[in-house]
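Working notes, beginning with the structure itself.
Every number for a ligand or one of its atoms is a count from 1 in the order of the listing. Here the structure is a predicted model, which is why all the values come from computation and not from measurement.
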Amino acid sequence: MSKFDPIIDVEEDGLLTPTVRRWSEEKYSLLGSYANIFTTSMCKKWNQLVYLDLFAGAGYARIKSTNRLVMSSSLIALSLPVPFTKYILCEENKEKFDALKTRVSRDFPAADVTLIHGDVNKKVWEVKRSIPRYGKGNTLLSFSFVDPFSLNLDFNTIKVLGSRMNMDFLILLALGMDANRNFKSYLLNNSSKVAKFIDDDFWTKKTENLINSSDFMRFLSSTYDDNMLKLGYKEAADKQIVRSHVKNLSLYHLAFYSKHDLGNQFWNDMRKYTDKQISLF
Ligand SMILES: C[S@@+](CC[C@H](N)C(=O)[O-])C[C@H]1O[C@@H](n2cnc3c(N)ncnc32)[C@H](O)[C@@H]1O
């Protein structure tokens with residue numbers, strides 16, 4: 001496999017650069033390492049390899065505690081030693097979208113990139129239509145990184161993209177950051193955000209026995225896995241729990257889903273390797 005360090009330092013360029021917390025480095029490391037195994041191992045077996053970033057960001061991020069300036073998800077994926085053949089990047093915030101667009105065209109002018117501005121839950125069919133055609137003799141494998149701030153990710157978005165496609169997903173489930181903090185109000189208000197997240201309008205009927213927010217997080221996580229099984233995905237691989245460095249609180253779970261055993265094997269191998277790297281931080 002090609003050697004690749006996903007934490008890539010960059011110079012200040014005057015464009016919008018969101019500030020992120022230190023634990024984002026763990027996310028970037030896992031994303032970049034998985035994407036590297038994916039393209040290196042699959043480039044000879046498939047004609048087209050497609051990367052989708054549904055909550056793409058601005059391309060650069062500043063780590064708050066260290067002030068370090070690094071590439072964020074989409075640009076990490078564009079920097080792989082063996083690149084994807086096609087990139088589809090969606091970002092809702094106009095300023096971040098513009099910064100991303102400028103950075104992509106300046107730094108990766110030769111890459112085949114479709115940039116989509118807007119709410120991915122509404123633009124999902126535009127995203128799907130941007131995936132190149134494939135068929136017999138022209139095979140296509142895709143990998144989608146899904147990195148929302150909260151539970152604001154409709155399961156329908158995953159369903160539209162994952163149905164009848166060879167698409168691996170790495171999804172940030174904002175269980176600690178959102179589900180845990182807002183547990184009571186979501187239950188009280190029969191939250192439609194939660195209903196959309198797990199594709200179940202009657203979800204509160206299944207939560208009557210839940211005692212606390214930890215039960216709620218477990219319920220969301222296992223319901224998500226069941227939903228993915230119904231789409232034809234394998235039994236979920238172990239999720240990576242990303243914790244805050246300060247209080248060691250669980251912030252989010254990175255969940256990996258593939259329709260192929262090899263995908264889960266790559267994810268598990270890569271987690272062991274990345275755990276060692278992360279413990280060096
Ligand atoms: C947690 S940040 C992740 C950014 C990036 N993936 C990274 O590596 O740092 C989530 C991003 O998604 C964008 N966003 C939020 N809701 C969105 C939506 N419904 N559709 C598309 N983008 C959205 C936000 O503006 C933000 O840039």
Side-chain angles (χ1 to χ4, degrees), residues 5-10 15-36 51-66 68-80 84 87-104 107-108 113-128 130 143-161 169-179 181 192-194 196-197 240 242 244 251-255 274:
D5 182 356
I7 309 299
I8 306 168
D9 290 299
V10 287
L15 298 170
L16 182 82
T17 302
T19 299
V20 299
R21 307 299 283 265
R22 181 104 187 268
W23 45 81
S24 293
E25 286 183 343
E26 186 172 344
K27 180 172 74 177
Y28 297 151
S29 207
L30 285 158
L31 163 72
S33 302
Y34 182 77
N36 186 37
Y51 174 81
L52 297 95
D53 203 324
L54 306 187
F55 295 76
Y60 285 7
R62 187 185 306 281
I63 310 292
K64 191 173 181 194
S65 53
T66 58
R68 193 173 175 187
L69 213 61
V70 295
M71 287 188 185
S72 61
S73 56
S74 306
L75 294 203
I76 295 171
L78 278 154
S79 304
L80 291 166
F84 288 86
Y87 293 81
I88 302 166
L89 317 177
C90 182
E91 169 56 48
E92 183 178 40
N93 177 282
K94 180 77 171 88
E95 287 75 34
K96 290 184 192 171
F97 178 81
D98 289 344
L100 179 66
K101 194 171 171 191
T102 305
R103 286 171 173 141
V104 166
D107 299 341
F108 301 93
V113 184
T114 297
L115 285 136
I116 296 173
H117 172 228
D119 176 349
V120 70
N121 294 316
K122 298 201 177 105
K123 297 259 176 161
V124 61
W125 282 103
E126 189 177 334
V127 172
K128 181 122 178 170
S130 305
F143 169 53
S144 184
F145 182 50
V146 189
D147 185 17
F149 285 128
S150 68
L151 301 183
N152 179 28
L153 163 67
D154 297 355
F155 193 74
N156 181 58
T157 301
I158 303 299
K159 206 185 322 184
V160 167
L161 294 173
F169 282 101
L170 181 57
I171 306 180
L172 183 146
L173 303 177
L175 301 182
M177 293 181 310
D178 188 350
R181 290 182 194 165
S192 62
K193 188 190 202 182
V194 174
K196 286 182 189 159
F197 180 70
Q240 179 83 15
V242 177
S244 81
L251 296 165
Y252 49 79
H253 291 49
L254 280 169
T274 316

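- Checked against the 6.0 Å centroid threshold, Phe55 and Phe145 do not count as a close aromatic pair.
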If you apply the rule salt bridge (charged side-chain N to carboxylate O under 4.0 Å, His left out), what do you find for Lys94 with Asp98, and how did you get there?
CA-CA 6 Å; Lys94 180 77 171 88; Asp98 289 344; 2.8 Å; yes
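- Heavy-atom contacts from other residues, nucleotides or ligands closer than 6.0 Å to NZ of Lys27 number more than 12.
- Counting only N and O atoms by type, the side chains of Asn36 and Tyr34 include no donor and acceptor under 3.5 Å apart.
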If you apply the rule salt bridge (charged side-chain N to carboxylate O under 4.0 Å, His left out), what do you find for Asp178 with Lys193, and how did you get there?
CA-CA 11 Å; Asp178 188 350; Lys193 188 190 202 182; 3.2 Å; yes
Do any nitrogen or oxygen atoms of ligand 1 lie under 3.5 Å from a protein nitrogen or oxygen, and which ones?
unit_1	atom_1	unit_2	atom_2	d
ligand 1	6 (N)	Phe55	O	2.9
ligand 1	6 (N)	Ser73	OG	2.8
ligand 1	6 (N)	Asp147	OD2	2.8
ligand 1	8 (O)	Ser73	N	3.0
ligand 1	8 (O)	Ser73	OG	3.0
ligand 1	9 (O)	Tyr28	OH	2.8
ligand 1	16 (N)	Glu92	OE1	3.2
ligand 1	19 (N)	Asp119	OD1	2.9
ligand 1	20 (N)	Val120	N	2.9
ligand 1	22 (N)	Glu92	N	3.2
ligand 1	25 (O)	Glu91	OE2	2.6
ligand 1	27 (O)	Glu91	OE1	2.8
ligand 1	27 (O)	Glu91	OE2	3.3
ligand 1	27 (O)	Lys96	NZ	3.2

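- Phe143 and Phe84 have parallel rings, their planes meeting at less than 30° on a 0 to 90° scale where 60° marks the start of perpendicular.
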